Amino acid sequence: MSPHTTPIVDTHNDLELTERILAPDGTRLPNPQLDRHLADIDADVLRALHRDMVVLRRIDAEGVALQRQGQLGLWAPCQGQEAAQIGTARALAPQDFVFPSYRETGVMLVRGAQPGDYVRMWRGEEGAAYDPAVMRMAPLQIIIGAQTLHAVGYGVGIRHDGTDEVAVAYFGDGATSQGDVNEAMVFASSYRAPVVFVCQNNHWAISEPVGLQSQYPLAGRAPGFGIPSMRVDGNDVLACLAAMRWALEHARAGRGPAYIEAVTYRMGPHTTADDPKRYRDDTQLEHWRRLDPIARLEAHLRAAGELTDEHVADVQEQADTAAREMRAACLGMTTRPPLAVFDGVYAEPHSGLQRQRDEYAAYLAAYGEV
Amino acid sequence: MSPHTTPIVDTHNDLELTERILAPDGTRLPNPQLDRHLADIDADVLRALHRDMVVLRRIDAEGVALQRQGQLGLWAPCQGQEAAQIGTARALAPQDFVFPSYRETGVMLVRGAQPGDYVRMWRGEEGAAYDPAVMRMAPLQIIIGAQTLHAVGYGVGIRHDGTDEVAVAYFGDGATSQGDVNEAMVFASSYRAPVVFVCQNNHWAISEPVGLQSQYPLAGRAPGFGIPSMRVDGNDVLACLAAMRWALEHARAGRGPAYIEAVTYRMGPHTTADDPKRYRDDTQLEHWRRLDPIARLEAHLRAAGELTDEHVADVQEQADTAAREMRAACLGMTTRPPLAVFDGVYAEPHSGLQRQRDEYAAYLAAYGEV
Amino acid sequence: MAEMTLGKALNAGLRQALRDDDKVVLLGEDIGTLGGVFRITDGLLDEFGAKRIIDTPLAESGIVGTAVGLAFRGYRPVVEIQFDGFVYPAFDQIVSQVAKLHYRTQGRVKMPITIRIPWAGGIGAAEHHSESPEAYFVHTAGLRVVAVSNPQDAYTCLRQAIASDDPVIFFEPKRLYHHKGEVDLAASLADAPPMGLARVARSGTDATVITYGAMVGTALDAAAAAEDDGLSLEVIDLRSLSPVDYGTVAASVRRTGRVVVAHEASREAGMAAEVIASITELCFEYLESPPLRVTGHDIPYPPAKLEKHHLPDLDRILDAVDRLMDRPNSLSGATDAGANGGQR
Amino acid sequence: MAEMTLGKALNAGLRQALRDDDKVVLLGEDIGTLGGVFRITDGLLDEFGAKRIIDTPLAESGIVGTAVGLAFRGYRPVVEIQFDGFVYPAFDQIVSQVAKLHYRTQGRVKMPITIRIPWAGGIGAAEHHSESPEAYFVHTAGLRVVAVSNPQDAYTCLRQAIASDDPVIFFEPKRLYHHKGEVDLAASLADAPPMGLARVARSGTDATVITYGAMVGTALDAAAAAEDDGLSLEVIDLRSLSPVDYGTVAASVRRTGRVVVAHEASREAGMAAEVIASITELCFEYLESPPLRVTGHDIPYPPAKLEKHHLPDLDRILDAVDRLMDRPNSLSGATDAGANGGQR
Ligand SMILES: Cc1ncc(C[n+]2csc(CCOP(=O)(O)OP(=O)(O)O)c2C)c(N)n1
Ligand SMILES: Cc1ncc(C[n+]2csc(CCOP(=O)(O)OP(=O)(O)O)c2C)c(N)n1
Ligand SMILES: [Mg+2]
Ligand SMILES: [Mg+2]
């Protein structure tokens with residue numbers, strides 16, 4: 001084998017190398033590779049995707065607002081990534097199990113999150129916002145990349161059990177540098193585990209541009225591990241849906257893991273604690289604003305005469321309702337009692353912790369707090 | 001970018017995909033890619049490479065013998081990997097700095113190890129066998145893959161200093177699964193550090209065949225990280241030399257890291273503590289015995305009329321001398337005094353450790369041991 | 001009852017656990033065909049097949065992270081870390097995931113993972129093969145930590161660890177792998193003492209030696225030697241390092257009033273510090289002299305030829321006992337100068 | 001003298017170290033253009049350029065491993081770990097390489113690496129952003145561990161850490177980043193107290209409260225409150241956690257006879273256990289009551305809304321002091337049942 005490398009990507013022209021279904025102006029493009037995964041997509045499905053994205057953007061904005069108002073400790077906005085999240089998540093089967101990072105609000109929405117689920121962790125009430133078994137989704141993961149290995153282990157379990165489920169790991173462009181993510185590819189490939197890796201390349205890891213992690217397409221890493229990969233326009237919800245269907249089909253058929261890089265852009269700050277003005281300029285933002293995923297699908301639907309103003313108003317109404325419910329759930333939350341700090345550390349009794357709990361209970365009682 | 005993976009390799013036909021200069025029977029093959037790196041190779045150089053390999057094999061055998069006789073705690077034989085180690089190491093410039101694993105006896109030889117250096121660590125006398133600054137070689141590394149990051153850091157330092165040195169990391173096929181090795185590729189690529197990665201794929205990580213780590217050529221991983229790579233016949237000393245020259249030239253010229261996979265075979269046990277009969281059969285061993293690196297170069301030299309029996313006998317004599325000297329150095333070693341356990345923990349005084357040292361000194365004195 | 005080595009007892013424990021519950025799967029480097037570098041998983045691949053005895057790629061974080069995923073899926077993974085010094089690459093997955101997921105999810109996601117670690121020194125090994133990292137895990141809330149000292153406990157505690165719904169770091173003193181003892185393979189787990197309890201390995205009245213793992217044997221030897229000098233030492237084998245069974249410990253200390261805590265691990269913020277701080281809290285008025293630590297020095301594990309000057313042995317335990325008995329507070333004077341001196 | 005926040009003092013310390021020695025380089029995530037998520041490296045990229053202020057890919061083992069290589073090359077790398085909870089992926093490189101390479105090479109290879117860690121809780125952060133991992137590093141021979149509590153020490157100790165030829169784990173109490181104090185930027189390092197020394201933050205006679213980091217402020221508040229009750233508390237800021245300056249500690253304990261050791265980190269095998277075990281060894285006959293620990297519970301760091309029930313506060317310190325003064329040994333009875341009870 002002779003020396004070669006994958007081509008250098010100019011990150012400003014990132015989308016040149018991606019698979020697409022919808023052009024930025026909404027035009028439907030032929031895609032011999034992906035079209036077969038979209039045979040069943042009709043206007044209803046498109047409108048549902050549109051609604052998901054609109055609702056998601058509204059929920060996301062409400063999260064930011066709640067944080068600004070002191071109701072949440074932090075919020076990690078996903079504005080700009082609606083297509084990447086909704087498109088890939090809508091391809092999932094109910095039995096699939098998702099291992100997200102912390103920014104997958106859209107995936108939560110698709111998995112059926114309840115209004116309070118979006119905020120419970122960010123508010124600091126609980127470590128995990130929802131029941132993983134019910135949502136078929138692991139708790140949000142803050143340690144960058146750690147969840148990718150969990151997905152692989154889950155996938156190994158699926159293979160054991162002989163079912164047709166797939167384990168899905170979501171992670172960012174920054175995460176690709178972590179050892180864990182690479183080990184996850186090694187293990188998934190070695191065991192041919194039914195795992196789909198979804199890398200949302202949103203161009204930033206806090207203040208670091210993706211070029212610091214890699215000057216080459218991230219999707220180009222997977223083949224070296226024996227994992228087929230696809231690089232898609234992450235602001236094209238149909239491309240994301242189709243690519244994810246390809247990946248899931250591959251994994252579900254027992255052919256092992258697959259990898260998707262969805263090239264998108266984080267329009268907001270890293271989190272509400274971040275000030276992106278310190279490290280990026282408006283030109284790039286402007287460039288990506290013109291590639292907005294919701295506007296693109298809207299343009300497509302409008303051109304096809306499948307989107308009325310009434311419908312758009314109705315969707316906006318649904319979005320506002322979702323945001324209202326989320327806000328109400330947030331404001332209505334009560335904090336667990338002091339001794340709850342001791343709950344759930346162990347599944348079985350632990351004498352040392354029991355002693356501490358007793359001591360602290362006595363202390364609180366002595367000071368009239370319990 | 002569309003889904004693709006590198007081809008599956010049948011590990012029994014591993015060498016099909018490698019670059020070669022010498023056929024197993026010693027015939028010189030044309031190699032348009034590598035030939036230019038061998039322009040200066042004459043019979044003297046070939047005989048020197050041959051001598052290195054013969055001496056190395058003898059030293060290695062002596063290491064095994066010393067361990068069997070209770071003089072060493074452990075020994076990690078490199079039989080079969082002589083070409084991979086000598087070929088790549090002979091390409092180094094004096095100013096280059098090597099970060100080895102624990103099996104690089106051949107690299108030590110090339111770097112000018114003294115007789116005792118081969119055994120000092122394995123005998124349990126010292127943590128490191130030689131002075132890294134003198135040998136321009138870091139201590140042997142036991143934590144799999146850790147040294148690859150050190151090479152990258154060293155390479156970053158070289159770039160800083162603006163010199164033309166190269167940092168070289170040696171590691172095994174098993175090591176490629178470690179997070180650290182992948183992070184090393186990320187960092188080296190991101191900083192375009194002058195680093196050469198040398199993976200000796202000897203087909204085994206203790207009892208695990210390389211197919212468990214990867215069913216695809218390991219050299220295929222590097223390009224995904226933006227690192228050009230080459231897969232060479234690791235039992236062909238000229239191919240190893242030439243490939244390493246290519247890689248070093250690339251790194252030295254400021255074009256960033258390069259990666260070599262030398263496909264070879266561990267003929268002996270993992271270490272003297274291992275019993276390979278438990279996990280591999282003789283057929284494979286037989287197959288690789290026919291690919292012996294020393295025999296191959298000998299055949300080539302003999303066919304060219306460049307190797308006489310006298311010369312071979314002389315080389316064997318040199319090898320025996322080296323082994324004798326190593327044995328003498330080993331048997332002549334004295335263990336440092338008890339309180340040496342406290343030496344070198346810190347570069348500057350540490351009150352806690354000083355107290356312990358004093359206590360232990362007093363204890364030994366009380367019992368007449370010091 | 002059968003006589004067998006500690007290694008074989010572990011093998012039997014694994015086999016039994018695999019038979020008892022088909023959710024039990026083993027993961028590790030070289031545990032399949034080879035049966036592990038210490039042969040602890042010998043024969044298990046043949047009996048249970050490659051789906052349950054899983055050779056892994058060479059990456060410890062990968063192994064433990066994969067085990068976490070299997071636990072999410074309802075499995076009970078048993079991980080073998082090949083040597084103590086190779087657990088550190090998995091530290092993040094252990095500390096941030098294995099230890100915290102049950103708490104994070106308020107008990108919804110169980111992490112019944114057992115991480116077996118061939119452990120500690122005394123076998124003349126190369127660097128990184130003789131580490132005693134137990135205090136790191138004891139300090140990590142959410143984990144249980146067990147260290148065995150004999151074949152029977154190896155068999156029983158390993159089965160208990162695997163059966164536990166909590167993650168357990170399970171330390172196996174590798175220098176005792178070939179050490180023999182009686183093991184009751186037929187006894188039911190229900191009859192066994194709970195995993196969290198300490199064991200009085202020898203009763204005595206003058207002082208209590210508290211230890212665990214391979215040092216239990218050393219302490220018993222010390223007690224035998226002390227008996228010749230007319231001293232009666234009680235030896236406690238902690239077995240469980242988190243939680244520590246302070247009921248058993250305190251009862252002994254209240255009787256003897258004198259304590260030595262011994263381990264191979266280095267001293268600063270080690271397990272002995274924990275035990276002594278707790279004993280001081282629980283039994284202060286019963287103490288007749290300051291509890292002493294007999295531990296490895298605060299140095300990286302030394303080269304093999306020097307390890308005997310690092311590892312506490314019988315003599316160092318007896319020396320501490322002497323100081324306890326004859327010269328209470330002898331240290332407080334002796335080390336004073338040291339403490340005030342080289343302060344850097 | 002200038003008044004500045006602890007964060008600015010660290011920034012000034014880094015700037016001075018970068019000016020003093022051009023072998024000093026900084027590595028970390030987001031430390032360049034952004035100036036770090038806490039702005040501790042603010043402005044340094046502009047002054048020193050991208051060759052010395054190095055934004056790294058997102059991988060902590062990679063960062064520390066790269067620093068090791070730079071140290072091999074003769075550099076003095078200063079690593080920023082973005083938050084305490086993200087140091088664990090680098091644990092192997094720290095414990096097996098950074099801490100051991102000087103010993104392994106008998107002093108031939110120096111590891112003058114400083115690892116800065118924004119540290120501990122109390123800021124209502126998300127999971128993994130409030131960890132107190134100091135005991136892990138204190139237990140690791142070969143490392144020095146420093147934890148600062150005020151702007152002046154932040155400035156001085158950071159410069160000392162960078163100037164030290166040994167690796168230093170440098171803990172910065174993130175909840176004090178905006179806390180202000182006087183800093184003498186002009187003072188020479190040669191005049192400063194050595195890095196290993198503790199500081200008597202307040203003198204007192206009735207009991208000694210030993211702590212470090214942000215808890216020093218809490219202890220001083222407690223001492224002020226106790227004064228109103230007629231109690232005189234001495235507060236010791238350890239500053240250096242490895243080594244601990246037991247000269248200063250023992251001198252105080254011998255005067256007061258009573259000790260509370262306080263920290264945010266969980267209790268089992270934590271730093272307080274180390275300090276208490278050593279105090280017991282060094283000062284046993286001076287102790288009038290058992291030294292007490294006031295620490296975080298042995299739980300993973302809880303969600304933000306509950307953190308106040310985990311973090312020791314003024315009241316918990318005072319409660320411990322009360323127990324020390326009024327009811328010596330009160331605990332030994334009280335916890336007896338607990339210890340003998342739930343033994344699992
Ligand atoms: C192990 C670890 N290191 C550092 C961090 C701090 N951190 C949080 S998010 C982030 C950037 C992640 O970037 P990316 O993977 O691209 O995901 P994105 O935030 O863009 O969704 C960093 C460095 C962390 N959470 N975990
Ligand atoms: C972190 C770590 N995990 C496990 C080991 C135990 N171990 C020593 S060598 C080895 C196999 C290494 O295989 P490879 O990288 O192919 O190198 P080779 O031995 O073939 O030269 C293993 C698992 C180790 N030394 N370090
Ligand atoms: Mg990103
Ligand atoms: Mg190998």
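Here is how names work: the chains are called A, B, and so on, in the same order as the sequence lines, proteins then strands, and each is numbered from 1. Because the structure is predicted, anything quoted here is derived from the model rather than measured.
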Measuring heavy-atom distances to chain A, does D:Arg39 have an atom under 4.5 Å in its side chain, in its backbone, in both, or in neither?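 Looking at D:Arg39, just its side chain touches chain A.
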
Quick one: what part of D:Pro302 sits under 4.5 Å from any heavy atom of chain A, side chain, backbone, both or neither?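 Just its side chain gets close to chain A.
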
Taking atom NE2 of D:His309 and atom OG1 of A:Thr335, what is their separation to the nearest 0.5 Å?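 That separation rounds to 9.0 Å.
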
Distance from A:Gln141 atom CD to D:His128 atom NE2, nearest 0.5 Å?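 It is 5.5 Å, given to the nearest 0.5 Å.
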
Are D:Asp42 and A:Arg278 close enough for a salt bridge, meaning some N to O gap below 4.0 Å?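 Answer for the salt bridge query: yes.
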
How close do D:Leu306 and A:Pro337 get, counting heavy atoms only, and between which atoms?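 Taking D:Leu306 first and A:Pro337 second, the nearest heavy atoms are CD2-O, 3.9 Å.
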
If you look at every heavy atom in A:Ser177 and D:Ala59, which pair is closest and at what distance?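 Closest approach of A:Ser177 to D:Ala59, heavy atoms only: O-CB, 3.4 Å.
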
Any side-chain to backbone donor/acceptor pair from A:Glu208 onto D:Asp30? Under 3.5 Å, distance only.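 Between the backbone of D:Asp30 and the side chain of A:Glu208 there is a qualifying donor-acceptor contact (under 3.5 Å).
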
Please answer whether the main-chain N or O of A:Ile142 pairs with a side-chain N or O of D:Glu127 as donor and acceptor at a distance below 3.5 Å.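 It does not hold such a pair.
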
Heavy atoms only, distances under 4.5 angstrom: which of D:His310, D:Glu307, D:Glu60 has the most pairs with chain A? Name it, please.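 Of the options given, most contacts go to D:Glu60.
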
Options D:Gly32, D:Pro57, D:Pro300, D:Ala304, ranked by heavy-atom pairs under 4.5 Å with chain A, top entry: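 Greatest number of close heavy-atom pairs with chain A: D:Pro57.
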
Side chain to side chain contact (heavy atoms under 4.5 Å, CB included) between A:Tyr367 and D:Asp319, intermediate numbers included: CA-CA 10 Å; A:Tyr367 293 87; D:Asp319 172 63; 3.3 Å; yes

For each of A:Asp275, A:Ile143, A:Leu140, tally heavy-atom pairs with chain D at distances under 4.5 Å, and name the one with the top tally.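 Of the candidates given, the most pairs with chain D belong to A:Ile143.
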
Please determine, among A:Gly73, A:Gly344, A:Ala205, A:Gly124, the option with the most heavy-atom pairs under 4.5 Å with chain D.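 Most pairs with chain D among the choices: A:Gly124.
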
Is atom CG of A:Asp281 surrounded by more than 12 heavy atoms (other residues, nucleotides or ligands) closer than 6.0 Å?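 It does: A:Asp281 CG has more than 12 such atoms within range.
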
Just wondering, more than 12 heavy atoms not from D:Lys8 lying within 6.0 Å of its NZ?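 Counting other residues, nucleotides and ligands, NZ of D:Lys8 stays at 12 neighbours or fewer.
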
Quick one: what part of [X] sits under 4.5 Å from any heavy atom of chain D, side chain, backbone, both or neither?
X        : value
A:Ala146 : neither
A:Glu126 : backbone
A:Arg336 : both

Could you tell me whether the side chain of D:Gln82 reaches within less than 4.5 Å of the side chain of A:Ile206, counting heavy atoms only?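 Yes, side chains in contact.
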
Heavy-atom check, side chain of A:Gln356 versus side chain of D:Asp298, under 4.5 Å: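 Of all side-chain heavy-atom pairs linking D:Asp298 with A:Gln356, at least one is under 4.5 Å.
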
For the residue pair A:Tyr360 and D:His297, categorise the inter-ring angle as parallel (less than 30°), tilted (30 to 60°) or perpendicular (more than 60°).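 Because their plane-to-plane angle is over 60°, the rings of A:Tyr360 and D:His297 count as perpendicular.
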
Which of these, A:Ile144, A:Asp173, A:Thr176, A:Leu212, sits in a side-chain contact (heavy atoms from CB on, under 4.5 Å) with D:Leu58?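 Answer to the side-chain contact (heavy atoms from CB on, under 4.5 Å) test with D:Leu58 among A:Ile144, A:Asp173, A:Thr176, A:Leu212: A:Ile144.
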
Out of D:Arg293, D:Arg316, D:Arg267, which residue meets the salt bridge (charged side-chain N to carboxylate O under 4.0 Å, His left out) rule with A:Glu359?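 Of the listed options, the one satisfying the test is D:Arg267.
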
A:Tyr346: ring-ring contact (aromatic ring centres under 6.0 Å, His included) partners, not counting sequence neighbours: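 In terms of ring-ring contact (aromatic ring centres under 6.0 Å, His included), with neighbours along the sequence ignored, A:Tyr346 is linked to A:His350.
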
